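Working notes, beginning with the structure itself.
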Amino acid sequence: MKTFLTGAVVVALPLIIDLIGCFLLLPNLKPDPLINVNLGIYEGSGDLFPHLFYAHPLVYALFNIAISFVFAGLFVTFALAASFYIKNKMVILLLPFCLQLLSIAANSFVMKNMALSPFGFLPEAITTYDKSFLAIVLYGGILFLVTLFLYVRGVKNNEAF
């Protein structure tokens, strides 16, 4: 739990500080769909909840920070679970990056239009991928189950009793 929270806070805290900085420096105006169409967030754009962006932009931003929070924690916990099996520290540090690269490669071959990897659904920018909440939940769930399996099995194999 500590590992999950540490990794998640390391990613979410700068995003929250950036959001607060934007509120301090920029005017708090609701985005206009006609003026802000260049952001790539509009109905039919493939983005998650574009209506929420125009109705409640702060909730939209917090929702995206929460998704980043969860996936950062999952990737760090995956590295922790893999550390039971891999003893090289550099490989452990690079493992979440390699997992991300494998996800991007799989996304390129399986479904080219829908985001199946965090690279496709975490950034809030114009991307070539359509974002699906179901794909996000499935990717997170699979990563959680694999991490849980590796962690429980690693703890059992390394017991001192």
Side-chain angles (χ1 to χ4, degrees), residues 1-23 40-41 45-53 56-161:
M1 186 67 164
K2 290 178 185 177
T3 305
F4 179 90
L5 288 176
T6 302
V9 166
V10 163
V11 168
L13 190 63
L15 293 173
I16 292 170
I17 291 170
D18 182 54
L19 183 65
I20 292 169
C22 286
F23 273 117
I41 303 171
S45 66
D47 194 63
L48 285 176
F49 311 119
H51 57 279
L52 188 62
F53 174 72
H56 304 286
L58 178 62
V59 175
Y60 180 81
L62 292 176
F63 177 73
N64 285 309
I65 291 172
I67 291 174
S68 298
F69 179 89
V70 169
F71 275 93
L74 283 174
F75 274 103
V76 169
T77 310
F78 178 74
L80 172 71
S83 69
F84 286 113
Y85 306 99
I86 303 169
K87 298 303 175 196
N88 189 338
K89 291 179 183 178
M90 286 305 289
V91 173
I92 295 299
L93 290 173
L94 291 174
L95 196 61
F97 175 70
C98 294
L99 179 63
Q100 177 77 294
L101 285 178
L102 286 173
S103 298
I104 293 169
N107 198 158
S108 298
F109 293 117
V110 175
M111 293 183 80
K112 296 181 180 184
N113 293 337
M114 184 175 292
L116 298 176
S117 71
F119 174 77
F121 57 74
L122 286 181
E124 283 309 309
I126 298 175
T127 60
T128 57
Y129 298 111
D130 289 341
K131 299 174 184 177
S132 168
F133 191 69
L134 179 63
I136 294 171
V137 171
L138 282 175
Y139 188 90
I142 290 169
L143 184 59
F144 174 75
L145 291 175
V146 168
T147 301
L148 184 66
F149 174 76
L150 291 174
Y151 186 78
V152 169
R153 190 167 171 219
V155 168
K156 283 184 181 179
N157 290 343
N158 292 320
E159 283 188 80
F161 299 108

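The model shown is predicted, which means the values in this text are computed figures rather than measured ones.
At a threshold of 4.5 Å between non-hydrogen side-chain atoms, the residues Thr6 and Val76 do not count as touching. Within the 4.5 Å cutoff, no side-chain heavy atoms of Phe84 are placed close to those of Leu150. Using a 4.5 Å heavy-atom threshold, the side chains of Tyr151 and Thr77 count as separate. No side-chain heavy atom of Leu15 sits under 4.5 Å from any side-chain heavy atom of Asn64. Contact annotation: the side chain of Leu74 never approaches that of Thr147 to less than 4.5 Å [non-hydrogen atoms, C-beta and beyond].
For Phe149, there are no ring-ring contact (aromatic ring centres under 6.0 Å, His included) partners at least two apart in sequence or on another chain.
For the atom pair CG of Leu5 and CZ of Phe69, the computed distance is 5.5 Å after rounding to the nearest 0.5 Å. Atom-to-atom distance recorded for Leu80:CG and Ile92:CD1 is 9.0 Å, nearest 0.5 angstrom. Here CG of Leu58 is found 10.0 Å from CG of Leu52. Values are rounded to the nearest 0.5 Å. Interatomic distance, CG of Leu99 versus CD1 of Ile104, reported as 10.0 Å (0.5 Å rounding).
Closest of all the heavy-atom pairs between Leu95 and Ala82 is CD2-CB, 3.1 Å. When every heavy atom of Pro96 is checked against every heavy atom of Ala79, the shortest pair comes out as CG-CB, 3.9 Å. A pairwise comparison of heavy atoms in Ala12 and Ile65 identifies CB-CG2, 4.2 Å as the closest pair. Of all the heavy atoms in Leu19 and Ala61, the pair that sits closest is CD1-CB, 4.0 Å. Closest of all the heavy-atom pairs between Val9 and Pro14 is O-CD, 4.0 Å.
By the 30° and 60° cut-offs, the orientation of the rings of His51 relative to Phe49 is perpendicular.
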Sequence neighbours left out, cut at 3.5 Å: what donor-acceptor pairs do the side chains of residues 136-146 make with other protein atoms?
unit_1, atom_1, unit_2, atom_2, d
Tyr139, OH, Ser103, OG, 2.5

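Among residues at least two apart or in separate chains, there is no ring pair (Phe, Tyr, Trp, His ring centres under 6.0 Å) pair with a member in residues 85-110.
The local environment of NZ in Lys89 is sparse, with at most 12 non-hydrogen atoms from other residues, nucleotides or ligands closer than 6.0 Å.
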